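Just so it is clear, the structure is predicted and the values come from calculations on it, not from any experiment.
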Number of protein chains: 2
Amino acid sequence: MVNSISSLDRTDIAILRVLQAEGRISNVELSDRVHLSPPATLARVRRLEQEGYISGYAAMLNREKLGHDNLALIEIALELHQYERITEVLDRLVAMPEVLECYHVTGEYDYMIKVSTVNNRALDHFIAKRLIPLPGIARIHTSIVLKALKQTTELDLPEP
Amino acid sequence: MVNSISSLDRTDIAILRVLQAEGRISNVELSDRVHLSPPATLARVRRLEQEGYISGYAAMLNREKLGHDNLALIEIALELHQYERITEVLDRLVAMPEVLECYHVTGEYDYMIKVSTVNNRALDHFIAKRLIPLPGIARIHTSIVLKALKQTTELDLPEP
DNA sequence: GTTGAAATATATGACGT
DNA sequence: ACGTCATATATTTCAAC
């Protein structure tokens, strides 16, 4: 099974669209928005959660107000290409709370991580004391984010 | 004011930590977790929302199950450096629903965007028909995400 | 900040369509 | 699969401490 979107109807997609934007909306208001009764709406939400279409709910916080003044995108090239060492390095990398995202990517580098820290000093510490010491890091390239123009988790859901 | 984290106490931080991970937790359970009464907890949550520490709540969806098989990180270098043209291009860019994130970054390129599409064909269409036609795009470099190893919005909140 | 009580809104289950 | 209704919970507000 490549995906399971075909098993969702228009109402399911409508529910997901609302919940992506307003994760804490009440069931009564949600049911109103998707033109369904509250019990029917709640049953669908529970089904979407159960079947894994909704993986969870999160409060989106204001990074700057919470002291995170620094965001960086770091490309990483790995040296050793023995599978076991790589998975160990990746396990340690994704366990770091400063690392918000980690992707295996095509191109000159192997991985791209997004790192959020309180300031440049903390980023320097992260790179020098936590990232570089990992075994098998061949090369890194850091891009500092000067400004975030858009940050959303809302997917553009296709019509069923 | 650089940031306002100093006006938050341990309980506020505890509330934010819980809500980052469980955005739809009930006020009663949240109050239990942070060892506070429900009314006091709710008053703090409302204050954190009001003052912008919490910017909103979102359901996190499963990209693959919803037919989004393709994720790409695209670096963009701009040609013209007249402020007005640039802001127009950026406005159009961030308005595109396929663009989940857009950052002004340091380095060889000027901007980095994260793009989620249903498949490679849709990504090709996005690049060829929507991105490249924007005025002033000098050069782009696309990295395809082969695997997402970590994707979270949970910030590592400092102790007050 | 807590506790307790009351009004309101919400979530959930039973039943009928 | 949905709507209506009834019930159980939760939320919200207000008091008094």
Side-chain angles (χ1 to χ4, degrees), chain A residues 1 3-62 65-67 153-155 157-160, chain B residues 3-62 65-67 153-154 157-160:
Chain A
M1 167 178 40
N3 68 66
S4 346
I5 188 129
S6 45
S7 68
L8 301 182
D9 64 14
R10 273 181 176 70
T11 306
D12 291 320
I13 297 294
I15 288 172
L16 292 174
R17 284 197 178 124
V18 173
L19 287 177
Q20 278 199 110
E22 293 167 65
R24 265 198 103 131
I25 193 173
S26 75
N27 185 58
V28 172
E29 183 164 351
L30 175 61
S31 68
D32 204 57
R33 299 267 192 98
V34 301
H35 311 299
L36 215 65
S37 72
T41 305
L42 190 62
R44 279 172 180 263
V45 171
R46 292 288 176 261
R47 198 194 81 231
L48 291 167
E49 290 169 352
Q50 207 76 44
E51 296 181 353
Y53 292 98
I54 298 171
S55 53
Y57 300 89
M60 311 307 286
L61 305 188
N62 184 320
K65 289 202 72 157
L66 289 162
T153 55
E154 280 187 67
L155 299 180
L157 297 181
E159 292 293 335
Chain B
N3 68 66
S4 344
I5 189 130
S6 45
S7 68
L8 301 182
D9 65 12
R10 275 183 174 71
T11 305
D12 290 320
I13 297 295
I15 288 171
L16 293 174
R17 284 196 178 127
V18 173
L19 288 177
Q20 278 199 112
E22 293 167 63
R24 267 197 99 128
I25 193 173
S26 76
N27 184 58
V28 173
E29 183 165 351
L30 175 60
S31 68
D32 202 58
R33 298 265 193 98
V34 301
H35 310 298
L36 215 65
S37 70
T41 305
L42 189 62
R44 280 172 180 263
V45 172
R46 292 286 175 263
R47 198 194 81 229
L48 292 167
E49 290 169 350
Q50 209 76 44
E51 295 180 355
Y53 293 98
I54 297 171
S55 54
Y57 300 89
M60 310 307 285
L61 305 188
N62 184 321
K65 289 202 70 155
L66 290 161
T153 56
E154 281 188 65
L157 298 180
E159 291 294 335

TODO: Between dT12(D), dT2(C), dC2(D), spot the one nearest the side chain of Leu36(A), thanks.
DONE: dC2(D)
Task: Distance, rounded to the nearest Å, where Ile15(A) contributes CD1 and dA1(D) contributes C1' - done: 13 Å
- [ ] Any chance you could measure Arg24(B), atom CZ, to Leu30(B), atom CG, to the nearest 0.5 Å?
- [x] 14.5 Å
- [ ] Tell me which nucleotide among dG4(C), dT11(D), dC2(D) gets nearest to the side chain of Pro39(B).
- [x] dG4(C)
Open item on the list: Just verifying a value: how many Å separate Glu154(B) CD and Leu61(A) CG, rounded to the nearest 0.5 Å?
Closed with: 9.0 Å
Task: Rounded distance (Å) that lies between atom P of dG3(D) and atom CG of Asn27(A) - done: 12 Å
Task: From Gln20(A) atom CD to Glu22(A) atom CD, the distance as rounded to the nearest 0.5 Å - done: 12.0 Å
Task: Rounded distance (Å) that lies between atom P of dT12(C) and atom CD of Gln50(A) - done: 12 Å
Task: Minimum-distance nucleotide (side-chain atoms of Ser26(B) versus dG13(C), dT11(D), dC2(D)) - done: dT11(D)
Task: Candidates dC2(D), dT12(D), dT2(C) - which lies nearest the side chain of Arg46(B) - done: dT12(D)
Task: Spacing of Asp32(A) atom CG relative to dT10(C) atom P, expressed in whole Å - done: 11 Å
- [ ] To the nearest Å, give me how far apart CG (Leu30(A)) and C1' (dA9(C)) are.
- [x] 15 Å
Task: CD on Glu29(B) to CG on Asp32(B), rounded to 0.5 Å - done: 7.0 Å
Task: Among dT10(C), dT2(C), dT12(C), the nucleotide that comes nearest once only the side chain of Leu42(A) is considered - done: dT12(C)
- [ ] For Asp9(B) and for Arg24(B), find the nucleotide of DNA chain C with the closest heavy atom, then tell me which residue's nucleotide is more 5'.
- [x] Asp9(B)
Task: Spacing between His35(B) atom NE2 and dT2(C) atom P, to the nearest angstrom - done: 12 Å
TODO: Looking at every strand, decide which applies to Arg44(A) at a 4.0 Å heavy-atom threshold: base, sugar-phosphate, or nothing.
DONE: sugar-phosphate
